[in-house]
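Have a look at the structure below, then the notes.
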Number of protein chains: 2
Amino acid sequence: MAARPAHTSASQIPTMADVAQLAGVSHQTVSRVLNDQPNVRAETRARILDAIRELGYRPNSAARQLVTKRSQTLGVVSFDTTLYGPASMLYGIEQAARDADYFISIVSLRAMNRGSVLEAVDRLRDQAVEGVVVIAPQTSAAGVLAQAAAGVPLVGAGCGPAEQVPMVAIDQREGAAMATRHLLDLGHRTVHHVAGPVGWLDASGRAEGWRAELERAGRPVPPPLRGDWSARSGYAAGRALAADPDVTAIFCANDHMALGLLRAFHEAGRQVPAEVSVVGFDDIPESSYFTPPLSTVRQDFSELGRRSLELLIGRLEHPAPPPAEHVLITPDLIVRASARPPA
Amino acid sequence: MAARPAHTSASQIPTMADVAQLAGVSHQTVSRVLNDQPNVRAETRARILDAIRELGYRPNSAARQLVTKRSQTLGVVSFDTTLYGPASMLYGIEQAARDADYFISIVSLRAMNRGSVLEAVDRLRDQAVEGVVVIAPQTSAAGVLAQAAAGVPLVGAGCGPAEQVPMVAIDQREGAAMATRHLLDLGHRTVHHVAGPVGWLDASGRAEGWRAELERAGRPVPPPLRGDWSARSGYAAGRALAADPDVTAIFCANDHMALGLLRAFHEAGRQVPAEVSVVGFDDIPESSYFTPPLSTVRQDFSELGRRSLELLIGRLEHPAPPPAEHVLITPDLIVRASARPPA
DNA sequence: GGGACGATTGTTAGCGCTAACATCTCGGGC
DNA sequence: GCCCGAGATGTTAGCGCTAACAATCGTCCC
């Protein structure tokens, strides 16, 4: 009723001692209630709970952390949370963390290089995180992970292979092979590829899967074009490819580039899918509304995030020796209107 | 040289006392060096720095926090970090926080309702954040902010108006008016509108700006269609609008819906921009590669994030009384190919 | 030449909490 | 009737750090 109950201490915010005094017990009993320990009489517990409510008491996390040496916080290092993939992974991570009762602290990378990753992990360590998830899909990150993992439990999400570091990734090669095979099965003689930028694992994985599938089928392997994931670069690749009458099927390393490519073909007057078939990768929410709706390979980023956090928490609870566990998730082919048998 | 220097304490990780002993000073002098306090001889400082490096010492943040009562951490509550807007804001916030030497802890909202926001802020408070940024563009969040702000400094980013709570937002009405005016200036008699979902501030702001501009110009105000931000819903709206031969200009409340709408018009054989002009909102990276490239209104989400964090930090340093400061950022009209004078 | 003063360093006392141990209470067994 | 043990609660001692105050040192001034 009154504005604010008076506390013992002069300080504004109530401490455990204030609660104890109000409930007429020792602070230790309050602590027991807060930590769900047995051997507290039900009536005492209720009295303490009342006192907590009345005072609006909140445990001081720093004090608890100081003595338990646990921060209940996990760190996430991510490259560019604006991109669809990382953003979705982060979302999955956050959900999983909350379910497991951990807080999430994020640091994004300024630049993609070894020092930057190390610095980010360091920053997180200064904050006493119990473990770290690194979302860094560049090849350059692969080497540095093992180094960063010294000193703090760490898992990679969609990162490059590193023996020492546990990780979860989507099987890019298999996804690319599925896309390529789909086009081949439709009857195309071969499949052209618009690859992602050098230095990205996803880019090289997809290019490898595409190439391997072509070779397995004994088809010619045309030189891949290279984009930078953006629609702009897909558009540029599309202009080049549209000028080549031999091109009948194209596998784009991501949906954004496919969008730009679609636009270039439209401008060039080459019909998709009547004359040329296109398959993308990622299955961004918009891709079913492209013109035409894009066949693509769906990656479940959110699950990737969730799984990597689960892996981290598993490691936290049961530290395991190397070699570290690697989880591979298989993506799904989504068939829409942008690919059909050649004319 | 040797694997790991022995510490005084049996514990594995070195404390300030270990550093002090190695450097031959008291722990307080080490503390002074760590906190950049004056009155430490240069030579002593160097010796301490060496000892820190040799031991690989890291200050214990919990201990510091316990005594200084500052966590150096700011919280971010966000609705769906997978969406382009919130993801970009988060990015801006993270950058600004790092520059100001704060950590960022995130919590995302499960559902959009009062309780959910309160719970998220509470969770952050349990973690002793010094302040909170809320990214919640729903009208339902507006009311709850004032309540959540009791107990912790809080600012809204792109949130609804709340007298008591400082906030930064983009001028949706003005952006929508710009888009509408652009279409009117092109010579269209009136402008149709595909609005965002009920309950979203951005949706109602844009609808209001559109309506106001139409009324200002003395034009008829056609009933707006309503989407849910997705390309799917834009497609549905597009099908309806494409059937109406009177429609010559459309303002879509976001680019994703514009994408779906473009697709519907394409399927219906109604040419954009030859027969119908379209303007979107957001300027997502892909919109310049739509078919046709989309004229739209650019919102600088990243700056919005940055500014809101700056506002929060300002409040932290100089607590101000209500009424709280409200910052409005004006968006920019981006003219591309999707709008032209009527035939 | 003695004491004051500023620069430098050390000492002490918590911050609010949990872990470990001490104490107290009560009921049952012999 | 007394002792034992389990359940309930209290007491004590830090966790690693910073703030406040105390001590030391050299130096400068009259």
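Chain naming here is simple, since letters A, B, ... match the order of the sequence lines and numbering starts at 1 in each.
- When distances run from any side-chain atom of B:Ser26 to the nucleotides D:dA8, C:dT8, C:dT11, the shortest one goes to C:dT11.
- Of the candidates C:dC17, D:dG7, D:dC17, the closest approach to any side-chain atom of A:Pro59 belongs to C:dC17.
- With D:dT9, C:dG14, C:dG16 as the choices, the nucleotide that has an atom nearest any side-chain atom of B:Val67 turns out to be C:dG14.
- Protein atom CZ of B:Arg58 is 19 Å distant from nucleotide atom C1' of D:dC15, rounded to whole Å.
- Remark: of the listed residues B:Ile93, B:Val132, B:Val168, B:Val155, B:Val155 is the sole one forming a side chain to side chain contact (heavy atoms under 4.5 Å, CB included) with B:Leu312.
- Within the structure, every side-chain polar atom (N or O) of B:Thr68 is placed at least 4.0 Å from both OP1 and OP2 of D:dA19.
- Taking only side-chain atoms of B:His27, from C-beta outward, the nucleotide of D:dT9, D:dG16, C:dA13 with the closest atom is C:dA13.
- Put simply, CG on A:Asn39 is 19 Å from P on C:dT23, counting in whole angstrom units.
- You'll find a donor-acceptor pair under 3.5 Å spanning the side chain of B:Arg32 and the base of C:dG10, going by distance alone.
- With C:dG10, D:dT9, D:dG16 as the choices, the nucleotide that has an atom nearest any side-chain atom of B:Thr29 turns out to be C:dG10.
- If you check every strand for non-hydrogen atoms under 4.0 Å, A:Asn60 touches sugar and phosphate atoms only.
- At whole-Å resolution of the value, CE in A:Met16 and P in D:dG10 are 13 Å apart.
- Going from atom CZ of A:Arg41 over to atom C1' of D:dG10 covers 14 Å, rounded to whole Å.
- For A:Arg306 (side chain) and A:Gly92 (main-chain N/O), no donor-acceptor pair under 3.5 Å exists by modelled atom type.
- Across all strands, A:Pro38 comes closer than 4.0 Å to no nucleic acid atom at all (heavy-atom distances).
- Proximity note for B:Thr15 (side chain, C-beta onward) versus D:dT9, D:dG16, C:dG16: the nearest is D:dG16.
- Distances shown here put every side-chain N or O of A:Ser31 at or beyond 4.0 Å from the OP1 or OP2 atom of C:dC17.
- Atoms CG (B:Leu34) and C1' (D:dG16) sit 12 Å apart, rounded to a whole Å.
- Closest approach to the B:Tyr57 side chain among C:dT9, D:dC17, D:dG10 is made by D:dC17 (side chain taken as heavy atoms from C-beta onward).
- Set against C:dT9, D:dA8, C:dA19, the side chain of A:Gln37 has C:dA19 as its closest nucleotide.
- Between D:dT18, C:dC17, D:dA19, one nucleotide has an atom nearer to the side chain of B:Gln28 than all others, and that is D:dA19.
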